[in-house]
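Just below is one structure, and these are the notes that go with it.
Lettering follows sequence order; numbering is per chain, from 1.
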Amino acid sequence: MSRVRLQNVSKTFGTTTAVKELNLTIREGEFFTFLGPSGCGKTTTLRMIAGFYYPAEGRIWFDNRDVTEVPPQKRNTGMVFQNYALFPHMTVHENVAFGLEVRKISKKEIRERVKKALEQVRLAGYSDRRIAQLSGGQQQRVALARSLVIRPGILLLDEPLSNLDARLRDEMRSEILSLQRSLGITTIYVTHDQTEALSMSDRIAVFNQGVCQQVGTPEEVYNAPRNAFVASFVGETNLFPATVAQVSGETVTVQSKDHTFRIRHKQEESGFSVEPGNRLFLTIRPEGVDLVPEAGENTLSAKMELVQFMGTSFHCAARLEDGTPLKAMFVNRPDLMGRLREGDRVIFRFPEDRLRLIPGGDDRA
Amino acid sequence: MSRVRLQNVSKTFGTTTAVKELNLTIREGEFFTFLGPSGCGKTTTLRMIAGFYYPAEGRIWFDNRDVTEVPPQKRNTGMVFQNYALFPHMTVHENVAFGLEVRKISKKEIRERVKKALEQVRLAGYSDRRIAQLSGGQQQRVALARSLVIRPGILLLDEPLSNLDARLRDEMRSEILSLQRSLGITTIYVTHDQTEALSMSDRIAVFNQGVCQQVGTPEEVYNAPRNAFVASFVGETNLFPATVAQVSGETVTVQSKDHTFRIRHKQEESGFSVEPGNRLFLTIRPEGVDLVPEAGENTLSAKMELVQFMGTSFHCAARLEDGTPLKAMFVNRPDLMGRLREGDRVIFRFPEDRLRLIPGGDDRA
Amino acid sequence: SEPEGDSANQDGLEEKVVVYSPHGKDILQDFEKQFENEHPNTDVEWLDIGSQEVLDRIRSEKENPQADVWWGAPSVMFEQAREEGLLEPYKPKYAEALPEDFRAEDFSWTGTSQTPEVIMYNTKEISKSEAPKDWDDLLDPKWKNEIIIRYPLASGTMRTIYSAMIYREYKDSKSPEKGYEWLKKLDANTKEYAANPEIMYSKVARGEGSLSVWNMPDTVMLKETKNYPFDFVIPESGTPVLTEGMALVKGGKHPEAAKAFYEFVNSKQAAKQLAEKYYRIPTRTDVKGLPAWIEETEIKPMDLDWKVLQEKENEWMEYWDQKIKNKAKQKEE
Amino acid sequence: MLNRLLKRGWDWFQTDRVFTWVLLLPVVAVLFSYVFYPEFRTLVESVWVNGTFSLKNYRLFFNPESLANLEALWNSVYISILSVFLSALIGVPLAFIFNRYEFPGRRFFASAAIMPIVLPSLVGVMSFLFLYGESGLVTRSIQDLFGLEEPPFKLSGVSGILLVHAYTMYVYFYMTVSSAVRGLNPALEEAATNLGAGSWTVFRRVTLPLLTPALVAASLLVFMTSMASFSAPFLLAGGFRVLSLQIYFSKINGNLDMAATQSVILSVISISFLLLMRWYQGRRDYRMMEKGVGTHRREVRNPWVKWPLVATGVFGVIILLLPHATLFLLSLVPEGTWTYQTYPTTFSFENYILLMKDPTIWEPVRNSLLMATVATAGNFLFGIFASYVLVKRRFRGKNLLDILVMLPWALPATVVAMNMILAFNVPTPFTFGHVLVGTFWILPLAYFIRHIPLVVRSTNAALEQLDDSLEEAARNLGARWTTTFRRVILPVIMPGIMAGTLLAFVTAVGEFVSSVMLYTIDNRPISIEIMNQLRMFNLGQAAAYAVYQIILIAGVLWISQRFFGVKAQNTL
Ligand SMILES: Nc1ncnc2c1ncn2[C@@H]1O[C@H](COP(=O)(O)OP(=O)(O)OP(=O)(O)O)[C@@H](O)[C@H]1O
Ligand SMILES: Nc1ncnc2c1ncn2[C@@H]1O[C@H](COP(=O)(O)OP(=O)(O)OP(=O)(O)O)[C@@H](O)[C@H]1O
Ligand SMILES: [Fe+3]
Ligand SMILES: [Mg+2]
Ligand SMILES: [Mg+2]
């Protein structure tokens, strides 16, 4: 249960910079997620925390201890590997006991603590099973128990769910979460799956190309992305380059191509102010888009190109008159069924409280 | 582009019956999905169609040709294997060309057709790559190109996306779909992922334990499940045992534990009629549940236990007063944020057009 | 002159003596036992390897000699070893009983037995009267494909026979050509070159061929103790008689025991025993009561200059190997 | 202060790069002393004539006037290449039949097919002669059966050598291809079928190419072994010249320079072949994308294909076991009762009894077991460390080290022995100032060197499958490297190591070629004892001894498979 602090940490492999000038503080007991596309440096950062890599620059602190050069076996972190890395030649019990035996803890205590750990992950009856006899989800839980039993200061999880099928993944998410909550252990979770990150984390750090783009709660990251990358990586979104036409109090009028939109923009929320003439991005999430019977303020006419039924919802891909694609999502309601037809011409509305402005329209098209 | 007909097909391995008395017709040009839990016989059925297994009983027809005992190489089906089964010792080009070379097609034509197939799957520049140099998604597309280039009558896909990560899977779904649409090739798709099945298929066959439970469009299967298994396997649902209290026209009143609900029930839609005293299931999808300020008809009071932010939506787990768990889902709207708090007592409404009756309440608790 | 097996002698002996010898397990074990009976504190260890290999080993182990005694090999080989400085001169007690031909000048080696080379034949296939009487008879076309010969390059016996055949003419003409001619004709009659003696025996015994040339002691031994249908003819015109020798290895670690063993296996009794049991004709002139076959068999030794043989052998054999061997067959094909 | 410094030092010692070198040092030392140095000494010997550098020996070797050496070289090479093809011709189909078809007794025949590996080379060839020679049992039987004037065939010369080679060496193909076939992803073949390929096309275009790594490994082994083959040409081919024999003869004729030169040339050829094969395999990818997904025996089988194939396989194995049977038969024939007779008539256990009476009979057995144990224990330890460093650690010069490890395979046993004699008949620092030639230790050392590649390779295979994260997981749980190694890495890769060690042990027990050049009184192994029995024309006793040896080796194989689950078949 430690606080982890990364202070200006960089790591290079040969010529590629995997992590660049990273500053992060992970609070005690927090469930913290590293989210980012493949190759953005998540694993590298995690491995630096575990001690498998040494940073090229910068320092790593656990509470007030500088661990930058402490070898992995002395850091007291518990790591759950993507492929679990269970010892195939040991039983479930032996796997979980390993970390304790290494610590020269008495036989009796080991037995008790292993028992308790297995109960925590709901595998009480499995202690004599061999690893090969377990399902993926059970293996995952053994891996979890193995790292929890040593009472690590920090729990590190590297995409632990990416090998599981959809159903099992859902189950395991809840389990990890409830376990973490009940133990209150500082947890760092690596994933490239935004749903996972959003649904589990206290806070998320979004990475891209070795650089941390934004740190914040799931809602902050999703609803108030700091930049275009975060907006488009975390959840699906519609992103239009736009120019500020007019600012009056919290209401901003922007021009995007032929269309004019009114938006509510609070500086204290988004962290930046706008002035007429600013080039920036206008975004709206697919689920923010409304389907209305007739044109009005903030409406657009579009052609429905693809309607995908996803069970709980319909995902629609439409195209505006000027050819810009637009994504919209509607919850599955019986009355919608008839109204969403591929090829139809429809009118969408962008409610002003669902529209957002994001800086950076100059750089990106 | 053939029609596939399975006529009373059964297949046993030793003592286990993998597929039992299966009758199915897959229409020309259709995207047809086999959906079901692990071990339910999906792969077995697919392999019988491909000719790798011979059915123990029953016959298989392609159009009007009985292919039951035709060896696999003479069926002209294109199969994409779960692990792609690309030939590691051949380049991308050689892999794709293999099926054509076997058909003794001229060098020149092969070159052209392979080129075209690779363009179709957007791998034009990759023809000289080794298989090991491709990413998972690229491999998948090579496998697709390899089966498409021989212009198969039927395309068979065995969980082709199950090894990919979430993002890639989403992309590949659209690609497979648009390719299939543009070629109009009869396609049979095996999956255990319901989202995949729902979003891609023209029609779905839901399997359980070797028996086909329901065949229908995604909407039919999701909104009008034939039985409790289909209801709970395809999408998340709330399922309550209930007893019919009163039937008046299309409106049915049922009793579930202490609660009385009014439901609209059309016989022609659901395929069965109800009478007072019938024991059956009452279901409502999480996204059908409404959050209302105060009690009224079809309302229930519950305690919010877990609120998960999923980006586009909030997933809630609540518990009714009698302890029954209830799942609800709400689209992410800024105004909801404050209203969904873990631990709160809330009132849910089950709109009568979102409630459904499913036969079979006697057998299952 | 007899080695004394008394206790006074024993004290001076080392705890063991190492013997390299091609004489084979039977002889070696026999004499090991006898020697150890007399010298219970000395252990005889022996390595049973081909004579050529003995030489090779003693050469390889020059820096760290493992052997004390080298027992058995044609004198030519001992000469070679002597020139390379591998041997320790030792004048045995019975030196007077040894004709001068049967030892090195400096007693680096001494002869132990004589080995006449013979024509060996299968008695099931050929009767005594039919059998060739002399070397030249082997060239008779009627023996075509009847002769099996042990591949000569690796065999001391065969090398000696072949060299002797060349030397017969070389002696006068100083040119090996005639000899080569002779060997060419023999090669034409030869059915096969067998890789080792055992294969040669079994081929002759089973009638794959019916004739060979080999040494007398082995032939007698096969006939008498192993039941092979063999007999031999001693060529009328004379035959090469090899001197089998014995020597001490230079730098051997057990010199006293080595000398004791040296004397022991050349004692009169031992010589007699070797003659009776193992068909070896002794070099010592003072051994009495030898078996009948030695006394009766009339051996006419071929007149050979071993010095010349030793000098020329490699050259001649190489020529045979490259220019003569299997040439007749290749022509046929 | 000092404490801090010490701790600093200890931490530095434990950093990965430093630790890699700590592990590397002994490995490099051993390879340098016992592999590189001897080979280097031989090279020096071949060019250092009378105290100056000279290529005289090489000129002699390639002298167009005397073609003996060139002829030997050519013979060796073409016989080796033909041996590779013939062995493949037997081994590959057998591997397929026994791994692809299910029939009663499959397991028995599948294991029986590796029996030639337990046949001692020398007596093996002898029993071949007794079977297929001009007056052999099979030959005579056929002759009598059909009333032929002339024997229908005879075993001699090149065809004889090839037959023996094919017989003894097909096992390499059988073993490697067997495990490859078992690991083959059936989906690949199904995919080909699905694309319209008939079974022959599938085999030719997909199955066979995917076996390339297995075929390459086996080809290498067979090529090396037949380049080095000694007994077969020695016993069968009369005056036929091959390089391994030339080396032997040069050596025993005292022409050490020439022997060294011939050794160097043989090494060059073998290493070239090794590199050629590596290059060939490296051209393409054969890695199966996913291991073990959906492996299942294919269902549809044509009985008209299956049963004739199975019959062929079973018949083949019976033929393959004939030499063993012959040896047994020979061992029952009392001395002197089967000389000119066509068939043996009397049988008894006389040979066994005679052997038993011999007080020294168990000495060679003990020697062989002891030396094989010592050598294999060395291989075991060395194999683990070398393989760990090679697979799991990164450092410069890895490729070179890899080749050094493979070198003892690329060199025929004759050459290895030759190298050792040249290197160690004088005191060297590598032998702690002792002369090794002529001592007990030279043979175990030779066995050790010979089998380095075998153990390292099979350990490599196991280690490559070992996920790096296991090691990391253990360290993350607080284990030091030593603990990690002992508790996690070692147990996981043990089956792989054991398989290699077992094969090394078995081969060491039966080793002949380098033994014959290096043994001494104290360490005379079984194979030499058999040779000596043969030299004394005690054919029956030699056979009886060989039967002991076969039983011994087969016993070791059986015990390790039965009780330790180690399968020698899976080694390569
Ligand atoms: N050991 C290494 N040697 C060289 N480059 C490396 C090494 N490890 C990582 N990299 C590079 O550093 C960058 C970051 O890698 P990292 O493994 O941290 O990515 P990641 O965010 O975990 O991606 P993924 O989601 O695919 O696991 C990548 O460009 C990668 O290629
Ligand atoms: N070759 C076989 N031999 C024996 N049983 C088999 C074989 N193939 C399948 N089965 C059994 O038949 C049943 C159906 O298997 P099938 O492979 O069709 O399942 P599936 O629906 O594809 O499952 P999954 O989603 O896990 O791939 C299972 O119980 C399986 O164990
Ligand atoms: Fe051999
Ligand atoms: Mg990663
Ligand atoms: Mg399946």
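Of the listed residues (A:P218, A:S201, A:P351), the greatest number of heavy-atom pairs within a distance under 4.5 Å of chain B belongs to A:P218. Note on A:T195, A:D353, A:V307, A:T312: by heavy-atom pairs under 4.5 Å with chain B, the leading option is A:T312. Chosen from A:Q308, A:E287, A:M329, the residue pairing most often with chain B at heavy-atom distances under 4.5 Å is A:E287.
Remark: B:R264 engages B:E352 in a salt bridge, criterion side-chain N to carboxylate O under 4.0 Å.
For the atom pair NE2 (A:H315) and OG (B:S199), the distance works out to 9.0 Å, reported to the nearest 0.5 Å. The distance from atom NE2 of A:H265 to atom CG of A:L282, rounded to the nearest 0.5 Å, is 11.5 Å.
Here the closest heavy-atom approach between residue A:P225 and residue A:V230 is recorded as CB-CG1, 3.8 Å.
Of the atoms belonging to A:M310, heavy atoms from both backbone and side chain fall under 4.5 Å from chain B. Neither the backbone nor the side chain of B:R285 has a heavy atom closer than 4.5 Å to any heavy atom of chain A.
There is a side-chain donor-acceptor pair under 3.5 Å between B:Y189 and B:E196.
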